[in-house]
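Below is one structure, written out as structure tokens; the observations come after it.
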Amino acid sequence: MHHTIRTSVAALLAAYALGQAGAALAGETFDTVKKRGTLRCGVNVSVPGFSAPDSQGKWTGLDVDVCRAVAAAVFGDANKVEFVPLNAQQRFAAVQSGEVDLLSRNTTWTLSRDAGLKLDFGPVVFYDGQGFMVPKAMGVKSATELNGATVCVQTGTSTEQTLADWFRAKNMSFKPVVIDSFDELNKAFFAGRCDVYTTDRSGLASIRKTMSGKPDDYVILPETISKEPLAPAWRHGDNEWGDVVRWSVTALIEAEELGINSANVDAQASSGNPAVARFLGTTHGLGAALGLSDKWAYDIVKQVGNYGEVYQRNIREPLELARDLNALWTAGGLLYAIPVR
């Protein structure tokens, strides 16, 4: 969910070269996707609520629905997506090399990824922050009580650096248990190899609810020690494709602001409201500017829903996470759609 912190000069140069190669192909992704007939979308291996396959191989989650929204805009069919599972170490190279057209993998938007790895990021789809989870039996109520604790942390992420910085600032010590594999990290924590699990709070909620077997035996501590704005990403400089992704995500938020959802979108399309008619393409719409059908936003809402629906089915119900910062700005949150007009 974060950026690699022990990157050699050679690796940085290689990443920069890949980024430059991606920039040289600017504008070609949209044509490639349309010609192929499917969107190749990089997602997390298995984080229920964000991206996870079921026993039949069907992918669900908030990040999955972002991919589906883009496919709906491009093809008029949200199912025209090939999901490519990527771990933390693979994800950026997969975008830079063109293995995937879009990365929608609970990835934090940072300066080093944007400018250093030459990635472009879309609107934030989930405002998050790093936290800590412990067994309830420890009796710990605050992260300030974790001095000397053994902490499970995934390598290939900036979680390690944030963890070390926070403990150092508090004049506390800890013993890291650093593991590459997400599954192995979970096994280590639940087997008792470490006292604490640290990652983004949404990830902790997912792990606690879906992987522990006994969620009430674990507690997510109240402290949030970082800012983690999660957003989709694509190759730097690919502006035409970037516009399609950016406005597809914005459409999810705009639809909720306008009170349009998958159940009422047909009625709303004939409501006579000029802003709604323009958004849904009932009147002369905005698709041509994006190289899309005027029904692009209608297809997103009809097939995927608005942001509120996406959040409710993927995050609120299964993980029991309130919207908080991820509510609309009119409800005290940070979600604010750039005007679709």
Side-chain angles (χ1 to χ4, degrees), residues 1-2 43-44 47-52 59-70 72 78 104-109 121-133 198-211 215-216 218-233 245-265 268 279 297 300-340:
M1 297 183 186
H2 315 286
V43 294
N44 211 322
V47 179
F50 288 85
S51 58
W59 287 83
T60 60
L62 186 148
D63 287 334
V64 167
D65 279 344
V66 168
C67 302
R68 296 179 67 243
V70 175
S104 183
R105 189 201 172 281
N106 52 339
T107 295
T108 304
W109 183 359
F121 287 82
V124 174
V125 297
F126 194 92
Y127 290 92
D128 211 343
Q130 187 173 330
F132 301 98
M133 180 167 65
T198 186
T199 188
D200 291 353
R201 294 179 67 84
S202 63
L204 293 176
S206 174
I207 293 161
R208 173 182 174 272
K209 185 72 175 178
T210 63
M211 300 180 187
D216 290 342
Y218 300 90
V219 176
I220 298 174
L221 300 178
E223 287 83 2
T224 301
I225 66 171
S226 70
K227 295 185 294 183
E228 308 297 337
L230 310 182
V245 176
R246 185 178 298 109
W247 289 104
S248 295
V249 174
T250 299
L252 294 170
I253 303 168
E254 175 80 349
E256 187 178 11
E257 289 186 358
L258 291 172
I260 308 169
N261 58 46
S262 58
N264 70 16
V265 64
Q268 290 282 348
F279 176 67
I300 290 174
V301 179
K302 182 69 174 178
Q303 298 178 42
V304 182
N306 64 31
Y307 183 89
E309 291 178 276
V310 170
Y311 193 98
Q312 182 68 20
R313 67 172 171 260
N314 292 306
I315 307 295
R316 183 70 185 96
E317 291 180 357
L319 303 184
E320 299 180 353
L321 280 180
R323 288 187 63 173
D324 296 329
L325 295 179
N326 296 294
L328 294 179
W329 63 284
T330 51
L334 297 179
L335 291 189
Y336 183 108
I338 303 303
V340 184

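For reference, positions follow the sequence shown, starting with 1.
Under the ring-ring contact (aromatic ring centres under 6.0 Å, His included) criterion, Tyr218 pairs with Phe189, Phe190, sequence neighbours left out. By the side-chain hydrogen bond (donor to acceptor under 3.5 Å, both in side chains) test, Glu254 pairs with no residue at all, sequence neighbours left out. In terms of the ring-ring contact (aromatic ring centres under 6.0 Å, His included) criterion, Tyr307 has no residue partners (sequence neighbours excluded). Residues meeting the salt bridge (charged side-chain N to carboxylate O under 4.0 Å, His left out) test with Arg313, sequence neighbours left out: Asp65. Every residue was checked against the ring-ring contact (aromatic ring centres under 6.0 Å, His included) condition with Tyr311, not counting sequence neighbours, and none meets it.
Looking at Asp63 and Ser51, their side chains never bring a donor and an acceptor atom within 3.5 Å of each other.
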>> The test is side-chain hydrogen bond (donor to acceptor under 3.5 Å, both in side chains); show your working for Asn44 and Asn106 and say whether it passes.
In response: CA-CA 7 Å; Asn44 211 322; Asn106 52 339; 3.0 Å; yes
> Can Arg208 and Ile220 be said to form a side-chain contact (heavy atoms from CB on, under 4.5 Å), step by step?
Replying inline: CA-CA 9 Å; Arg208 173 182 174 272; Ile220 298 174; 4.3 Å; yes
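Under 4.0 Å is where a charged nitrogen must lie from a carboxylate oxygen, and between Glu309 and Lys302 no such pair does.
Considering OG1 of Thr199 and CD1 of Ile207, their distance stands at 6.0 Å, rounded to 0.5 Å. Distance check, rounded to the nearest 0.5 Å: OH of Tyr127 to CG of Leu325 gives 8.5 Å.
A side chain to side chain contact (heavy atoms under 4.5 Å, CB included) with Pro123 is found for one member of Val245, Val66, Thr250 and no other, namely Thr250.
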Taking distance alone, no hydrogens or angles, what donor-acceptor pairs closer than 3.5 Å link side-chain atoms of residues 329-338 to residues at least two apart or in another chain?
{"residue": "Trp329", "atom": "NE1", "partner": "Glu257", "partner atom": "OE2", "Å": "3.0"}

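Remark: the backbone N or O of Ile260 is not paired with any side-chain donor or acceptor of Asn264 at under 3.5 angstrom.
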